[in-house]
Amino acid sequence: MRSRQPKRLILAFFGEYVFEQNVEPVRASVLIDVLDGAGIAASATRATLDRLVAHGILARERKGREIMFSLTDAGSAVLREAGDRVRGQHSFTPQGDGWTMVTFTIPEDQRTLRHRLRSTLTWERFAPLRDGLWLAPGDVDLDAVLEPLRADLPTGALTAFRARELPGYSMDASVAAAWDLDRIRGEHEAFIEAWSDLSTMEAAGSALSARTMLVADWLGLLRVDPRLPPEFLGADWPSPLSAELYWSWRAQLADDALAEFARRVPAAPAPVPPAAYKRPRVISTPGSSRALG
């Protein structure tokens with residue numbers, strides 16, 4: 001397994017333990033310690049945290065001498081979508097039959113939007129078949145996929161349609177052109193090699209670091225593997241073993257990692273309910289009235 005990206009590790013940590021949990025903001029020192037177990041230097045962790053703040057994914061605040069980090073609404077939206085994928089039991093099974101195809105044109109002066117769209121399509125397992133034409137296996141819910149970009153996409157910039165293979169027109173060549181199957185296989189084999197070796201967990205030094213590494217590696221694998229139909233992959237395709245290792249380690253590390261997180265990051269105080277409204281008593285007197293609380 002190649003060196004891990006600090007950004008993916010931080011997002012894995014927040015996705016597993018902070019997103020939709022009632023916890024205090026996380027101290028920078030906790031994040032530095034967790035990523036240190038994954039082989040990331042403190043300077044790289046700090047620089048990545050700065051970038052995530054600049055991109056609106058994390059919010060930073062100071063409490064005394066500590067720097068604290070919490071998720072923004074934008075960061076929560078990113079992790080909400082990724083969380084469904086991380087916890088899904090059929091990560092490499094195609095969703096539906098046939099293919100989803102997208103073609104788009106983004107003006108040259110909107111390069112940032114073009115990059116965002118390409119990144120979104122890549123995460124949703126699309127790959128470019130040729131310039132401006134992207135292909136994904138199965139039935140992709142494009143309304144959900146494009147929702148974060150909807151307000152920015154120019155009218156008519158994107159066209160999508162469903163497709164199916166016609167007799168005599170094999171998709172083999174198209175699949176080979178769109179996806180590098182050798183690279184995808186190599187990513188699975190690297191994951192399997194890393195998580196078949198006990199030294200991977202032992203090197204992390206703690207269950208919390210190991211679980212964060214595991215989820216980060218899994219996110220990387222999910223980003224690469226497009227869930228192609230099995231007829232394009234061969235009988236010895238390694239994804240079933242990748243999934244078996246992931247779920248086994250996820251279960252083994254769960255309790256110790258959660259206990260360690262609870263020691264390092266306190267729960268947020270429970271919200272104080274508003275005081276019950278006390279209806280005033282009204283005492284009527286001849287010619288007047290007054291309210292007594």
Side-chain angles (χ1 to χ4, degrees), residues 4-35 38 40 45-63 66-89 91 95 112-113 115-126 140-153 208-209 211-223 246 250 253-254 257-258 260-262 264-272:
R4 296 173 174 90
Q5 300 176 11
K7 176 182 176 181
R8 190 170 290 160
L9 288 159
I10 291 170
L11 292 178
F13 177 90
F14 274 88
E16 285 293 289
Y17 298 106
V18 179
F19 175 61
E20 292 188 340
Q21 303 300 316
N22 187 39
V23 296
E24 291 281 355
V26 181
R27 290 179 288 121
S29 57
V30 171
L31 294 165
I32 289 169
D33 286 349
V34 170
L35 266 67
I40 307 299
T45 299
R46 292 191 184 96
T48 304
L49 289 168
D50 288 343
R51 286 193 292 272
L52 289 171
V53 170
H55 293 158
I57 302 299
L58 297 180
R60 176 171 45 208
E61 62 181 297
R62 179 179 288 275
K63 287 188 177 180
E66 290 280 1
I67 303 296
M68 319 288 286
F69 293 91
S70 56
L71 281 169
T72 63
D73 289 343
S76 295
V78 169
L79 294 180
R80 182 174 295 107
E81 198 280 335
D84 293 340
R85 190 84 58 83
V86 168
R87 298 176 182 87
Q89 292 289 330
S91 300
Q95 295 179 312
T112 299
L113 177 59
H115 174 74
R116 289 172 60 202
L117 177 57
R118 286 174 172 169
S119 295
T120 298
L121 292 175
T122 299
W123 172 244
E124 294 298 332
R125 301 183 171 97
F126 281 86
V140 179
D141 183 358
L142 276 175
D143 284 340
V145 168
L146 298 175
E147 182 58 33
L149 300 174
R150 188 73 65 187
D152 299 323
L153 284 173
L208 186 57
S209 287
R211 174 84 175 237
T212 301
M213 290 163 52
L214 175 70
V215 174
D217 290 354
W218 188 243
L219 279 168
L221 194 54
L222 294 177
R223 187 173 182 83
Y246 172 71
R250 186 176 173 88
L253 294 166
L258 185 59
E260 182 183 347
F261 177 82
R264 288 171 168 262
V265 181
V272 178

Checklist entry - Can you check side chain to side chain contact (heavy atoms under 4.5 Å, CB included) on L52 and K7, steps first, answer last? => result CA-CA 8 Å; L52 289 171; K7 176 182 176 181; 4.1 Å; yes
Evaluate the side-chain proximity of [Y] to [X]: yes if any heavy-atom separation is below 4.5 Å, no if none is.
X	Y	answer
L79	I57	no
P266	V23	no
V86	Y246	yes
L58	I10	yes
D50	R60	yes
V145	W123	no
V18	F69	no
M68	V26	no

Checklist entry - Is there a ring-ring contact (aromatic ring centres under 6.0 Å, His included) between F14 and F19 once you walk through the steps? => result CA-CA 6 Å; F14 274 88; F19 175 61; over 10 Å; no
When rounded to the nearest 0.5 angstrom, what distance separates [atom1] in [X] from [atom2] in [Y]?
X	Y	atom1	atom2	value
L11	Q5	CG	CD	10.0 Å
T120	E147	OG1	CD	12.0 Å
L258	Q21	CG	CD	8.5 Å

Checklist entry - Can a salt bridge be assigned to the pair D217 and R8 using a cut-off of 4.0 Å between side-chain N and carboxylate O? => result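 Looking at D217 and R8, the cut-off is not met.
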Checklist entry - Salt bridge or not for R264 and E260, using N-O below 4.0 Å? => result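 Yes, R264 and E260 are salt-bridged.
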Checklist entry - Counting only N and O atoms by type, is there a donor-acceptor contact under 3.5 Å from the side chain of S209 to the main-chain atoms of V34? => result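 Flag set: sc S209 to bb V34 pair under 3.5 Å.
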Next on the checklist: For I32, is there any backbone N or O sitting under 3.5 Å from a side-chain donor or acceptor partner on T45?
Outcome noted: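 No.
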Next on the checklist: R150 vs D143, test: side chain to side chain contact (heavy atoms under 4.5 Å, CB included). Steps then yes/no.
Outcome noted: CA-CA 9 Å; R150 188 73 65 187; D143 284 340; 3.5 Å; yes
Nearest heavy-atom neighbours spanning [X] and [Y]:
X	Y	result
A257	R211	CB-CB, 4.0 Å
T212	L9	CG2-O, 3.3 Å
P6	I40	CB-CG2, 3.9 Å
K63	P25	NZ-CD, 4.3 Å
M213	A38	CG-CB, 3.4 Å
R125	S91	NH2-O, 3.2 Å

Next on the checklist: For a quick check under 3.5 Å, do S119 and R116 share a side-chain donor-acceptor pair by atom type?
Outcome noted: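 The criterion, which ignores hydrogens and geometry beyond distance, is not satisfied for R116 and S119.
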Item to check | Residue pair F13, L208: steps toward the side chain to side chain contact (heavy atoms under 4.5 Å, CB included) verdict | outcome: CA-CA 9 Å; F13 177 90; L208 186 57; 4.0 Å; yes
Next on the checklist: Go through it in stages, so that I can follow the logic: the residues are R250 and E16, the test is salt bridge (Lys or Arg N to Asp or Glu O under 4.0 Å), and I'd like the CA-CA distance, side-chain angles, deciding distance and then a yes or no.
Outcome noted: CA-CA 11 Å; R250 186 176 173 88; E16 285 293 289; 3.2 Å; yes
